[in-house]
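Structure first, then comments.
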Amino acid sequence: DQWHAILVACVGMLVYILPSLCFFMPFRWEEERYTDGVKWKFLEHKGPVFAPPCDPLPSNVKFYYDGKHMKLSSSAEEVATFFAKMLDHEYTTKEVFRKNFYKDWRKEMMSEEKSKITDLNKCDFSEMSEYFKAQSEARKAMTKEDKQKIKEENERILQEYGFCIMDNHKERIANFRIEPPGLFRGRGDHPKMGMLKRRIRPEDIIVNCSKDSKHPKPPPGTKWKEVRHDNKVTWLVSWTENIQGSIKYIMLNPSSRIKGEKDWQKYETARRLKKCVEQIRAQYRDDWKSKEMRIRQRAVALYFIDKLALRAGNEKEEGETADTVGCCSLRVEHLTLHQEMDGQEYVVEFDFLGKDSIRYYNKVPVEKRVFKNLQLFMEDKEPEDDLFDRLNTSILNKHLQELMDGLTAKVFRTYNASITLQQQLNEITNSEDNVPAKILSYNRANRAVAILCNHQRAPPKTFEKSMQNLQTKIDAKKEQLADAKRELKMSKYLLEGEIEEQLMKLEVQATDREENKQIALGTSKLNYLDPRISIAWCKKFGIPIEKIYNKTQREKFAWAIDMAEKDFQF
DNA sequence: TGTCTGACTTAGCAGCATGTGG
DNA sequence: CCACATGCTGCTAAGTCAGACA
C-alpha cells in the first residue's frame, strides 16, 4: 500500500511536471505532429480584449453645421470623431471617401440630425480635430510616472490576455486586441474607402477553445455569439468584419510552435521544388509549342511566375476592392510588346498594380516563343480583356499539384527568393572583409531578393536629411583622419587604424542606406527567405545572429536557429 | 466547372520606444 | 542628460489556396 501510494504520487508529480518541462524543451518543433488535420488537443485562453469605449466630447468642443453649433447624438458624434481624426489626411478630400463616409454616418444619425445635415461640405469638424491634436500632445507631454503607469497597465493586460495554452505550451497570441471602430481606408484606389468599420461587440465573437479548458468569460452582461471546439483550425477567436464581409481571426504569434512548424514546412516544400524545378521548366518550355491554347497560356503564365516571381493572381470581384492583378489576372493593357528595344529583341514591358496597389514596372527580354505566344494571346482583344482567357489560378494550381506534391504558384516565389539569397551570398561574400562589409554583402543579397519580389516602400520622409547627416559625419571623420595623420608619431598607427575603421563603417552605412532608398527588405526576410540560409551564413563567417535578426525575428526563427549548421545549403 | 467561403500567409506603414551621439 | 533619428512593433488590409457546394 505504501509503495502504491508512492507510485501514485510519482505519477501525479510527473503529470504535473511534464507540461512545464515542455516549456524548456529546445527542440519542441521535433515533437510528434498530429495527422488528419488536427491542430491541437488542448487550447485555453482568456478571449479578446475589446476596444475601449468612446468617451463623449467635452461640451466646449463643438461641431458646426453651416456655421451654426449643433449638438450631436452620441452615435453620430462617435462617427464624426473618426472623420475629425483623419482631417489632416489627403484622402478625406477624396470624393469616394467623403461619399462613403457620409452615407454611413447618416445611418448613425437621429432623424432630426438626418434632416438637418444634408451636405457634408457644410460640416465643420475643426474643433474636434484640434481637440484630438491637443490630446495627443498632452499624451506626449505626460510625466515619466504617468507614462510608466500606462506601460505597466499594458503589461498587465498582455500577461492576462496575451498568452494561451496550446498542448502544454504557453504561447504568445499575435493580435489579442479587437480592432477598434473607425473609417476604413483600403490601399490604393479602394472603392470602399471612408466606410464605417463598426464596433465589434462580444455578441459578434466566436470563441474557439477545447472543451476541457477553462472557457473565456464574456464581459459582464454580455454573451459570445458562439463557443466552439474545433481543433482542426488554429484560431482562438473570430468575427465577421462589415466592410468586405470577411472573417477576421485572432491567432498565435509567429514564435509559436504551430506557426513555426508551418513555416518550416513551407521552406521544405520550396526545397523539394529545387529538386524538380529544371524538369518543370523543361516541360513548360515544351508546352509553349502545344497545339492547345489553354496549355500554352498555362505554360507562359508559369514562365512569368517562375522568372519574375509574380503572384498567382486570383480573380477579384469588380467594385469590391482596388483594381489590382497578379499573373493569371493580367489584362492586355498591362503589357506592351516590343519586337526590339534598347538593342534587345523580344522585350515585354509590364506595367500594372499588384498586391497593395504597388506598381510593378519591368522591361523583360523573353524567349522568342513566349513573345510570339503573347502576340497570339493579345490578338483581337480589347485592352481590358484578360491576357490568359483560358486560365485561372485554380487550373494552374491543379496542374502544379500534379507536377509535385504540395506545389502551388506561391512556392515558386519562396523558392526563387531563397535560392537567390543563397546564390548571392555564396557569390558576393568575401571572407577577408570585416563585419560591417560582410553585412553590406548580406543586405545586398537580401536586396536582390526584394527587387525580384517587387517589395517596395515609399522613400522615408526624412531620407534626404538623414543622408546629409551621414555625409556630414563622414566628412568630419575624414577631417579627423587627416588630423591624426599630421599628429605626433607615438600613438599614430593605433589611432589612425581606429579612425579608418570608423570611417569605413560610416561609408558602408551610407552605401547601404542609399541603395535601400525605395526597397523594403523586411517582407522577404520575414516571409520568403529560408532563415537557415542566413543562420548558416552567420555561423560560417562569424557574424553574430543579432546583426541579421532582431529579437522578434529571432523568436520567429527559433526553429531554424536550433536547426541550422554552418554548412546548411538551401 | 464555376462560385463561395474559410483559414491562413503576406504586406506596407504609422507611431512609438529605444538607442545614440552631442 | 536630452533631443533626435532610427528601428521595431503593432496593426490590419490584401493576398493565396483548398474544399464545400451547386
Comparing I395(A) with K262(A), nearest DNA chain B nucleotide closer to 5' gives the residue I395(A)
Pairwise 5' ranking along DNA chain B for Y249(A) and I358(A), keeping only the more 5' one:
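The residue whose closest nucleotide sits nearer the 5' end is Y249(A).
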Give the rounded distance in Å between these two atoms: [atom1] of [X] and [atom2] of [N].
{"X": "Q148(A)", "N": "dA17(B)", "atom1": "CD", "atom2": "P", "value": "11 Å"}
{"X": "L521(A)", "N": "dT10(B)", "atom1": "CG", "atom2": "C1'", "value": "16 Å"}
{"X": "I247(A)", "N": "dC8(B)", "atom1": "CD1", "atom2": "P", "value": "11 Å"}
{"X": "D356(A)", "N": "dA11(B)", "atom1": "CG", "atom2": "P", "value": "8 Å"}
{"X": "I258(A)", "N": "dA7(B)", "atom1": "CD1", "atom2": "P", "value": "14 Å"}
{"X": "R187(A)", "N": "dC13(B)", "atom1": "CZ", "atom2": "C1'", "value": "7 Å"}
{"X": "L252(A)", "N": "dA7(B)", "atom1": "CG", "atom2": "C1'", "value": "14 Å"}
{"X": "D386(A)", "N": "dG2(B)", "atom1": "CG", "atom2": "C1'", "value": "15 Å"}

Any base atoms under 4.0 Å from [X], or only sugar-phosphate, or nothing? Heavy atoms, all strands.
{"X": "P254(A)", "answer": "nothing"}
{"X": "T324(A)", "answer": "sugar-phosphate"}
{"X": "K39(A)", "answer": "sugar-phosphate"}
{"X": "K147(A)", "answer": "nothing"}
{"X": "A409(A)", "answer": "sugar-phosphate"}
{"X": "K355(A)", "answer": "base"}
{"X": "G326(A)", "answer": "nothing"}
{"X": "G522(A)", "answer": "nothing"}
{"X": "K151(A)", "answer": "sugar-phosphate"}
{"X": "N314(A)", "answer": "base"}
{"X": "T234(A)", "answer": "sugar-phosphate"}
{"X": "R172(A)", "answer": "sugar-phosphate"}

Going by the angle between their ring planes, with limits at 30° and 60°, are F570(A) and Y415(A) parallel, tilted or perpendicular?
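Tilted.
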Close aromatic pair by centroid cut-off 6.0 Å: F176(A) and Y161(A):
no
Determine, using ring centers only, whether F304(A) and F350(A) are less than 6.0 Å apart.
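Ring centroids of F350(A) and F304(A) are less than 6.0 Å from each other.
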Considering residues, nucleotides and ligands other than Q159(A), do more than 12 of their heavy atoms fall under 6.0 Å from its CD?
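Yes - once you tally the heavy atoms of other residues, nucleotides and ligands closer than 6.0 Å, there are more than 12.
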Of all the heavy-atom pairs spanning G245(A) and T240(A), show the shortest one and how long it is.
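Shortest heavy-atom contact: O-CG2, 3.6 Å.
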How far apart are the closest heavy atoms of I206(A) and K225(A), and which atoms are they?
CG1-CD, 4.1 Å
Do the side-chain N or O atoms of K259(A) get closer than 4.0 angstrom to the phosphate oxygens (OP1, OP2) of dT9(B)?
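For K259(A), the contact criterion (side-chain N or O under 4.0 Å from OP1 or OP2 of dT9(B)) is met.
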Check the phosphate of dA11(B) against R413(A), side-chain N and O only, distance under 4.0 Å to OP1 or OP2. Yes or no?
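Yes, because at least one side-chain N or O of R413(A) sits under 4.0 Å from OP1 or OP2 of dA11(B).
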Identify whether NZ of Lys or CZ of Arg in K197(A) sits under 6.0 Å from the centre of the six-membered ring of F184(A) and within 45° of that ring's axis.
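No; the conditions do not both hold, so K197(A) does not lie above the ring face of F184(A).
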For R331(A), the option from D389(A), D351(A), D323(A) that meets salt bridge (Lys or Arg N to Asp or Glu O under 4.0 Å)
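Filter result, single survivor: D323(A).
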Chain A footprint on DNA chain C, 5' to 3' - any atom under 4.0 Å from a heavy atom
dA5(C) to dA18(C)
